[in-house]
Protein chains: 2
Amino acid sequence: MTAAASELGFVMSYHASSLASGRSHNIGVVLPFVNRWYFATLLEGANSALMDAGYDLTLYDFQGDRYRESVLGDFLLRKRLDGVLAVSLQLNAHETEQILAAGIPVVGVGGPLPGIPTLRIDDVEVGRRATNHLISLGHTRVAHLGGEHEYGRNFEISSGRRAGYEDAMAAAGLPLREAWSLISDYSANDAYKETKQLLADAEERPTAIFCASDEMAFGAMLAARDLGLRIPEELSVIGVDGHEMGEILGLTTIDQFPRSQGTRAVERLLALVQDDGDAAAAGPADELMETRLVVRSSTSAPRIPAGQPGA
Amino acid sequence: MTAAASELGFVMSYHASSLASGRSHNIGVVLPFVNRWYFATLLEGANSALMDAGYDLTLYDFQGDRYRESVLGDFLLRKRLDGVLAVSLQLNAHETEQILAAGIPVVGVGGPLPGIPTLRIDDVEVGRRATNHLISLGHTRVAHLGGEHEYGRNFEISSGRRAGYEDAMAAAGLPLREAWSLISDYSANDAYKETKQLLADAEERPTAIFCASDEMAFGAMLAARDLGLRIPEELSVIGVDGHEMGEILGLTTIDQFPRSQGTRAVERLLALVQDDGDAAAAGPADELMETRLVVRSSTSAPRIPAGQPGA
DNA sequence: TTGAAAGCGCTAACAG
DNA sequence: CTGTTAGCGCTTTCAA
């Protein structure tokens with residue numbers, strides 16, 4: 001296209017171009033919730049990388065499971081996408097086959113998706129590290145607030161972090177109480193309710209809680225404050241994600257750099273797309289991303305006021 | 001298409017269909033930040049309405065101003081969109097002309113965009129109502145934390161809410177102090193910093209603060225707590241948006257139902273698209289959306305401890 | 001009513 | 001190396 005043409009306001013038709021070439025310069029991003037910090041931030045990263053490469057981003061938000069079927073069964077198969085980024089998505093055999101049969105390159109984040117190259121953090125290790133941080137401070141009464149089983153299809157993650165928690169507790173010879181293993185829907189509000197209930201009984205109260213996301217940790221911190229418990233003196237809290245608001249709450253967390261996950265996943269996907277599905281060119285099938293423990297003021301050695309049960 | 005065909009796994013090519021018919025069943029959503037609660041929630045609403053109507057959603061996230069030019073100058077003009085939803089976007093004459101010249105129906109949210117049908121709340125009224133809530137409780141020392149001037153292009157909103165605040169203060173014969181008029185970037189973290197500075201000087205301290213968003217209100221509440229100020233006894237806080245986390249923080253707010261704004265905006269846009277740009281069919285050029293004052297525990301009459309300056 | 005044919009505006013392959 | 005032409009897979013129009 002000449003400069004003169006573009007100055008006249010001429011713009012090429014991408015429909016025609018797509019039809020003729022088979023390339024649409026359009027990537028689909030599939031995720032369970034746009035309105036959770038982790039996903040929104042990862043999406044931002046993906047968006048940056050795609051804009052920079054001149055690609056459009058088509059968003060498919062399951063909104064829990066509400067649109068799961070129609071996205072997987074209809075939208076993704078319309079052959080208008082050069083590739084799909086699947087975030088925290090768990091596919092069954094039929095679904096995987098259907099997508100791959102459509103000939104669309106897919107990269108997953110937070111998998112594993114069998115047969116699909118995936119980017120992820122080591123969730124078991126994250127759970128272990130968070131729990132060990134608390135244990136190394138001297139805590140023996142450690143609770144865990146994880147993700148809902150109901151969302152298990154999309155959130156296999158939560159079981160990994162829980163496994164790491166149980167692992168670390170066992171390795172330290174510490175007791176796992178059923179009452180200390182909480183399940184929420186990953187929202188701050190639900191975490192607040194669960195934590196308030198957990199902390200209500202002074203006898204059974206843990207001295208520390210490991211939350212599988214920062215948003216849940218926010219809820220836990222607020223619940224503790226509302227019960228008059230001091231953080232970290234009477235309750236230590238650690239989260240996962242690296243949410244900016246953690247700074248002003250003083251939340252100790254394991255940062256997983258979701259933005260970088262988004263840009264890296266797009267890099268991988270575009271490599272696949274541009275090398276025409278040649279998986280080898282795109283790097284390892286299972287790529288592990290960095291995480292980092294960020295210690296702030298929400299965790300410390302347990303300093304339990306007199307009259308409380310203690311370690 | 002027959003049922004038999006679809007059972008054989010046949011899927012129509014949307015590229016060909018788009019080229020032949022000129023309709024792509026694809027709507028662009030333009031917004032300044034996916035990672036702010038208001039925008040993410042509005043996006044969720046838009047996504048629902050679009051999925052239900054069988055439309056794809058192409059996301060254009062400016063990320064502040066980072067991609068503003070390329071979205072407006074390149075991406076939107078590629079003629080692959082049946083319509084555009086422009087959220088909190090302010091266009092200059094050239095930009096408006098360019099978009100309209102491309103023949104793409106546009107609906108705005110939070111405008112006004114001259115020449116484009118727009119959905120919005122009455123921001124001046126919102127500012128007035130929030131401020132009057134505080135005044136009616138007996139506050140005379142009321143501060144305002146609003147949006148950044150730097151983002152003025154996208155956030156004309158902030159000036160409306162500020163105008164309402166100044167309006168209400170003047171109507172009640174109350175003083176406006178420059179030190180009580182704060183500006184932040186709409187994030188909780190920045191609001192925290194600004195508020196902490198504001199509240200540091202006990203002499204000059206207001207007894208109430210009106211924040212132009214709930215996320216900013218969260219920051220303000222945390223700043224107050226960290227300074228040892230009790231909410232609402234020593235500081236009342238009111239926000240705008242209706243963020244769910246406001247429930248567990250007890251934040252009084254003016255709910256603007258962003259999800260409904262998203263679905264309603266899509267309704268309007270699809271009406272335009274399907275009636276082939278016949279603006280009359282799509283409703284009023286400037287549609288006002290509902291808001292609702294939700295009173296919780298972050299606001300009350302000022303009850304200032306002895307030794308503090310007061311009303 | 002049903003069926004054939006002519007584009008939609010590009011890309012890619014081919015011939016000159 | 002440049003210029004021409006045949007599709008890409010639909011929608012829509014026109015003839016039967």
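Below, chain A is the first sequence line, B the second, and so on; all start at residue 1. Please read all numbers here as calculations on a predicted model, not as lab measurements. In what follows, every heavy atom counts, from backbone to side chain, and hydrogens, waters and symmetry copies are set aside.
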Can a donor-acceptor pair be found between the side chains of Tyr60(A) and Asn47(B) at a distance below 3.5 Å?
no
Exercise: do Asp241(B) and Ser213(B) side chains pair donor with acceptor under 3.5 Å
no
Verify the distance criterion only: is there a donor paired with an acceptor across the side chains of Asn35(A) and Thr41(B) at less than 3.5 Å?
yes
Donor + acceptor pair across side chains of Gln261(B), Gln256(B) (<3.5 Å)
yes
If you measure only the distance, is there a donor-acceptor pair under 3.5 Å linking the side chains of Thr118(A) and Glu287(A)?
no
Atom pairs and distances, donor-acceptor, side-chain atoms in residues 106-113 of chain A, under 3.5 Å, two or more places apart:
none

When Leu57(B), Val266(B), Asp82(B) are each screened for side-chain contact (heavy atoms from CB on, under 4.5 Å) with Ile27(B), the one that passes is Asp82(B)
Atom pairs under 3.5 Å: protein N/O with N/O of nucleotides 4-13 of chain D:
{"residue": "dC10(D)", "atom": "OP1", "partner": "Ser13(B)", "partner atom": "N", "Å": "3.4"}

Axis-to-axis angle between the two ends of the helix from dT1(C)-dA16(D) to dG16(C)-dC1(D) (five base pairs per end, rounded to 10 degrees):
50°
